[in-house]
Amino acid sequence: MIDPSWEEKLHKYISGIVSLKNQKLLEINGMSDHIQIFISVLPSCLISDLVREIKKSSTQYVNSNVFCKKNFRWQEGYAFFSHHRNSTSRVVNYILNQKKHHSTQSYEEEFIKTLKEHEVEFDLKYAFDSRDND
């Protein structure tokens with residue numbers, strides 16, 4: 001779980017990873033159980049490779065700095081959504097207001113609602129890992 005005492009450091013570290021991969025981070029924010037990253041990606045970017053590097057490097061960063069009492073890890077999966085250029089400011093505002101937004105609706109509830117609204121097929125047993133960090 002991401003603690004507020006080191007959350008900003010993690011976000012800055014992830015920003016550096018994105019930059020080193022020649023992509024542009026537009027916004028990052030989240031909650032104790034997830035983050036949302038808004039990235040402008042080049043057409044040549046392999047999203048799965050970028051996400052893998054963000055998860056791998058940031059996990060090593062958190063664990064090597066002993067930010068957690070337990071071993072930190074991200075869940076196995078991730079979600080990636082595209083947007084229309086005209087909605088950039090709306091997406092940035094949404095990400096900036098994560099803490100306020102999730103005070104009334106959990107990430108899981110919102111994620112499932114979004115998938116259903118956009119008629120994306122999914123199997124709930126594959127949607128979320130356990131939130132325990134062993």
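Side-chain contact between Ile2 and Met31 is absent, with no heavy atoms from C-beta onward closer than 4.5 Å. Between Ile54 and Tyr78 there is no side-chain heavy-atom pair separated by less than 4.5 Å. In this structure the side chain of Val62 reaches within 4.5 angstrom of the side chain of Trp6, judged on heavy atoms. The shortest distance between side-chain heavy atoms of Ile28 and Ile95 does not fall below 4.5 Å. Thr114 has its side chain out of reach of Lys116: every pair of non-hydrogen atoms, C-beta onward, lies at least 4.5 Å apart. Inter-residue side-chain proximity for Ile35 and His11 is flagged as met; some heavy-atom pair is nearer than 4.5 Å.
For Glu76, the CD atom counts as loosely surrounded, since its 6.0 Å shell holds 12 or fewer non-hydrogen atoms of other residues, nucleotides or ligands. Within 6.0 Å of the NZ atom in Lys99, the count of heavy atoms belonging to other residues, nucleotides or ligands exceeds 12.
Note: the hydrophobic cluster containing Ile37 also contains Phe80 (ILVMFWY, side chain heavy atoms under 4.5 Å, direct or indirect links). The hydrophobic cluster containing Val91 also contains Leu96, counting ILVMFWY residues as joined when their side-chain heavy atoms lie under 4.5 angstrom apart, directly or transitively. Note on Leu124: it clusters hydrophobically with Tyr107, by side-chain heavy-atom contacts below 4.5 Å among ILVMFWY residues. When the side chains of ILVMFWY residues are joined at heavy-atom separations under 4.5 Å, either directly or via intervening members, Trp74 and Ile17 end up in a single hydrophobic cluster. Leu50 and Leu42 are assigned to two separate hydrophobic clusters, defined by single-linkage of ILVMFWY side chains at heavy-atom distances under 4.5 Å.
The distance from the CD atom of Glu7 to the OG atom of Ser5 is 9.5 Å, given to the nearest 0.5 Å. Summarising the geometry, atom OG belonging to Ser15 is positioned 10.5 Å from atom CG belonging to Leu26; distances are rounded to the nearest 0.5 Å. One finds the CD atom of Glu27 at 13.5 Å from the OG atom of Ser40 (value rounded to the nearest 0.5 Å).
Under a 3.5 Å cut-off, the side chain of Gln105 and the backbone N or O of His102 do not form any donor-acceptor pair. In this structure, Ser87 contributes its side chain and His83 its backbone to no donor-acceptor pair below 3.5 Å. Side-chain atoms of Asn63 come within 3.5 Å of backbone N or O of Phe72 as a donor-acceptor pair. Between the side chain of Lys55 and the backbone N or O of Gln75, at least one donor-acceptor pair lies under 3.5 Å. His118 places no side-chain N or O within donor-acceptor distance of the main-chain N or O of Val120, the cut-off being under 3.5 Å. Panel note: side chain Asn65, backbone Phe67; no donor-acceptor pair is recorded below 3.5 Å. For the pair Glu110 (side chain) and Glu108 (backbone), a donor-acceptor distance under 3.5 Å is absent. In terms of modelled atom types and a separation under 3.5 Å, the side chain of Gln36 and the main chain of Gln98 share no donor-acceptor contact.
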Q: Report the C-alpha distance between Ser32 and Asp3 in whole Å, list the side-chain angles of each, state the deciding distance to 0.1 Å, and finish with yes or no for side-chain contact (heavy atoms from CB on, under 4.5 Å).
A: CA-CA 6 Å; Ser32 65; Asp3 189 89; over 6 Å; no
Go through it in stages, so that I can follow the logic: the residues are Thr88 and Arg90, the test is side-chain contact (heavy atoms from CB on, under 4.5 Å), and I'd like the CA-CA distance, side-chain angles, deciding distance and then a yes or no. CA-CA 5 Å; Thr88 296; Arg90 187 174 57 84; over 6 Å; no
For this session: Check the pair Val66 / Ser64 against side-chain contact (heavy atoms from CB on, under 4.5 Å), numbers first and verdict last.
Result: CA-CA 5 Å; Val66 195; Ser64 68; over 6 Å; no
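Ionic pairing of Glu109 and Lys113 is not present here: no N-O contact between side-chain nitrogen and carboxylate oxygen is shorter than 4.0 angstrom.
Residues Tyr94 and Phe38 keep their aromatic ring centres 6.0 Å or farther apart.
The minimum heavy-atom distance between Ala79 and Phe111, with the atom names listed, is CB-CE1, 3.4 Å.
In the model, Ser57 has a side-chain atom that pairs as donor or acceptor with a side-chain atom of Glu53 under 3.5 Å.
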